[in-house]
Structures are given as structure tokens and as C-alpha cells.
Amino acid sequence: MSGKHLIESPTKADGAELWRIARDSQKLDLNSAYAYLLWCRDFADTSVVARDDGAAVGFVIAYRKPSDPETALVWQVAVDASQRGKGLAGALLDALFDRLVGQGVRYLETTITPDNQASIKLFESFAKRWEADLESAELFASADFPDDDGAHEPEDLYRIGPLARK
């Protein structure tokens, strides 16, 4: 499939490929392979995978906040190196939120480290395309991460919305 990707909900069978894409990104905090398998099983309705000739080449995993079902938190966005620079991450976000907004989601939240300019630009572009406000503030300081001895960058919370169907 050249130029056009099939974007759909992941299945349990996609978990290993999502783990590989996340690992190879060398930017994301890598969860266990088991976590990606569970994510694809339990949160498929709030996640999407892009396929090229049947192979997973990108994904967005997200969940609706139990305390605020109008908000979906994007946990990770990753695109295989072979597909970067083609607008796939933005297309994945748009496809997912077109579905979720139709189900009552009005806000996107995500966390981004201050040094991750690519992700910051991705979500700024999303807010612009969706004509929605974007707010950001520190959510977790470096000291909040017990396993990194202060080496983990802070995580800023980005909140985009309200979202409405385009």
C-alpha cells in the first residue's frame, strides 16, 4: 500500500509490533511487551494502528479517563522509522479523535517532556487543525520519578479542547 495507510483499531496480535515500534523509536518510555499485548486487547476502542501492506507501521494508544469520560489521554504515539516525515502521526491522531469525538470525547490530554520538540509540534498542529485551545503545565517533576534518580525529564500535561467534529 503506497502513500495511503489503513488505519484501524489494533488487535491482540498487534501487541508485539507496537512494542517493537515503541522500542525502535528510542524516544518513548518502553513498556513491557506484555503491556502492549494487554493494551491492544483492553483499549483497542481508544487506540489505532496504521498498516502498510498489512504490517503495523504506527500507532496511537489512548484511554478515556475514568474520572472524566469526556477526556481521552494519549499514552503513546509512535511511527516506524520507514514512515516518518509523511504526516502519519497526525493522520493517526485525527482518525482516532474523529471516532472518539463521535462518542462524546471533548478533550485530548497527553504528557510530553520539554525536550521532545517533535511531539510538541505534533500536538500543536493537532490543536490548530481541530481549531481547539491548547494549554500546558508541568504535571510531573523529575523528582516524582523514583526509578530514574532525577534523570527523567519532567512531564508536561498538554490539554487540547474542546474538540468538535470537523
Side-chain angles (χ1 to χ4, degrees), residues 3-12 14-15 18 21-22 25 27-31 35-36 38-51 56-80 83-145 152-166:
K4 184 84 171 141
H5 296 92
L6 174 64
I7 297 176
E8 60 187 1
S9 294
T11 67
K12 184 178 68 170
D14 292 314
L18 272 55
I21 293 167
S25 76
K27 188 65 180 166
L28 295 175
D29 286 339
L30 185 63
N31 300 297
Y36 291 94
L38 282 174
W39 202 285
C40 289
R41 186 192 76 160
D42 294 343
F43 296 102
D45 60 336
T46 55
S47 301
V48 288
V49 62
R51 302 184 195 287
V57 295
F59 68 87
V60 174
I61 53 178
Y63 64 88
R64 286 178 87 156
K65 290 176 62 175
S67 63
D68 181 8
E70 288 191 339
T71 299
L73 185 123
V74 173
W75 182 264
Q76 288 185 325
V77 177
V79 173
D80 189 79
Q83 304 296 314
R84 291 189 192 135
K86 300 178 181 180
L88 183 54
L92 283 161
L93 282 172
D94 287 344
L96 177 59
F97 277 86
D98 187 50
R99 178 195 321 156
L100 294 179
V101 166
Q103 298 170 359
V105 169
R106 297 292 171 255
Y107 294 91
L108 177 159
E109 287 186 351
T110 195
T111 66
I112 307 172
T113 58
D115 66 338
N116 190 340
Q117 290 301 307
S119 287
I120 293 168
K121 288 179 182 176
L122 171 66
F123 286 96
E124 287 175 344
S125 294
F126 176 88
K128 186 179 240 182
R129 281 193 312 279
W130 284 74
E131 299 175 355
D133 295 333
L134 182 151
E135 300 173 355
S136 66
E138 185 177 84
L139 179 64
F140 300 119
S142 294
D144 292 331
F145 294 92
H152 195 292
E153 289 286 320
E155 290 277 351
D156 293 334
L157 177 68
Y158 284 72
R159 183 170 170 88
I160 300 171
L163 302 171
R165 278 209 150 140
K166 301 187 301 176

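Only a predicted model underlies this, so the values are computations on that prediction, with no experimental measurement involved. As a basis for the values below, the full set of heavy atoms in this structure was taken, side chains included, without hydrogen atoms, waters or symmetry mates.
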In chain order, what residues pass the side-chain hydrogen bond (donor to acceptor under 3.5 Å, both in side chains) check against E109, with sequence neighbours excluded? K65, R159
Do T111 and E155 get their side chains close enough for a donor-acceptor pair, meaning under 3.5 Å? yes
With heavy-atom distances below 4.5 Å as the criterion, would you say the side chains of R106 and V101 are in contact? yes
E124: which residues meet the salt bridge (Lys or Arg N to Asp or Glu O under 4.0 Å) condition with it, sequence neighbours left out? none
For the residue pair I112 and T110, establish whether any side-chain heavy-atom pair is separated by less than 4.5 Å. yes
Please identify each residue that fulfils side-chain contact (heavy atoms from CB on, under 4.5 Å) with F43, with sequence neighbours left out. W39, T46, S47, Y63
Side-chain donor-acceptor pairs under 3.5 Å in residues 132-139, sequence neighbours left out?
none

Across all chains, not counting sequence neighbours, the side-chain hydrogen bond (donor to acceptor under 3.5 Å, both in side chains) partners of E8 are R51
Applying salt bridge (Lys or Arg N to Asp or Glu O under 4.0 Å), which residue pairs with at least one partner in residues 112-123 are found, sequence neighbours left out? K27-D115
Test of understanding: with side-chain hydrogen bond (donor to acceptor under 3.5 Å, both in side chains), list the residues that count as partners of D144, not counting sequence neighbours. none
Only residue of D94, V74, V49 satisfying side chain to side chain contact (heavy atoms under 4.5 Å, CB included) with V60 is V74
Run the side-chain contact (heavy atoms from CB on, under 4.5 Å) test against L38 and tell me which residues pass, sequence neighbours left out. Y34, R41, D42
Can you name the salt bridge (Lys or Arg N to Asp or Glu O under 4.0 Å) partners of D156, sequence neighbours left out? none
When every non-hydrogen atom of Y36 is compared with those of Q76, the smallest separation belongs to OH-OE1, 2.6 Å
Over all atoms of both residues, closest heavy-atom pair of P114 and I120: O-CD1, 3.8 Å
R84 side chain to V79 backbone, donor-acceptor under 3.5 Å: yes
Not counting sequence neighbours, list each pair that qualifies as a ring pair (Phe, Tyr, Trp, His ring centres under 6.0 Å) and has a residue in residues 87-123. F97-F126
Going by heavy atoms in the side chains, are W130 and L108 under 4.5 Å from each other? no
Is D14 reaching over with its side chain to a backbone N or O of T11, donor-acceptor style, under 3.5 angstrom? yes
Do you know which two heavy atoms are closest between A127 and I160, and how far apart they sit? CB-CG2, 3.8 Å
Which pair of non-hydrogen atoms, one from I21 and one from A56, has the smallest distance, and what is that distance? CD1-O, 3.6 Å
Calculate, to the nearest 0.5 Å, the distance between atoms OG1 and CG belonging to T113 and L28 respectively. 9.5 Å
How about K86: does its NZ atom have over 12 heavy atoms from other parts shown lying under 6.0 Å from it? yes
Residues which pass side-chain contact (heavy atoms from CB on, under 4.5 Å) with A50, listed by chain and number, not counting sequence neighbours: H5, I7, V57, L88, L92
Determine yes or no for a side-chain-to-main-chain donor-acceptor pair under 3.5 angstrom, with D80 supplying the side chain and Q83 the backbone. no
Taking side-chain hydrogen bond (donor to acceptor under 3.5 Å, both in side chains) as the test, write out the residues that go with R99, two or more places apart. S9
Which atom names give the shortest non-hydrogen contact between P69 and V105, and what distance separates them? O-CG2, 3.9 Å
Does some side-chain heavy atom of N31 sit less than 4.5 Å from a side-chain heavy atom of W75? yes
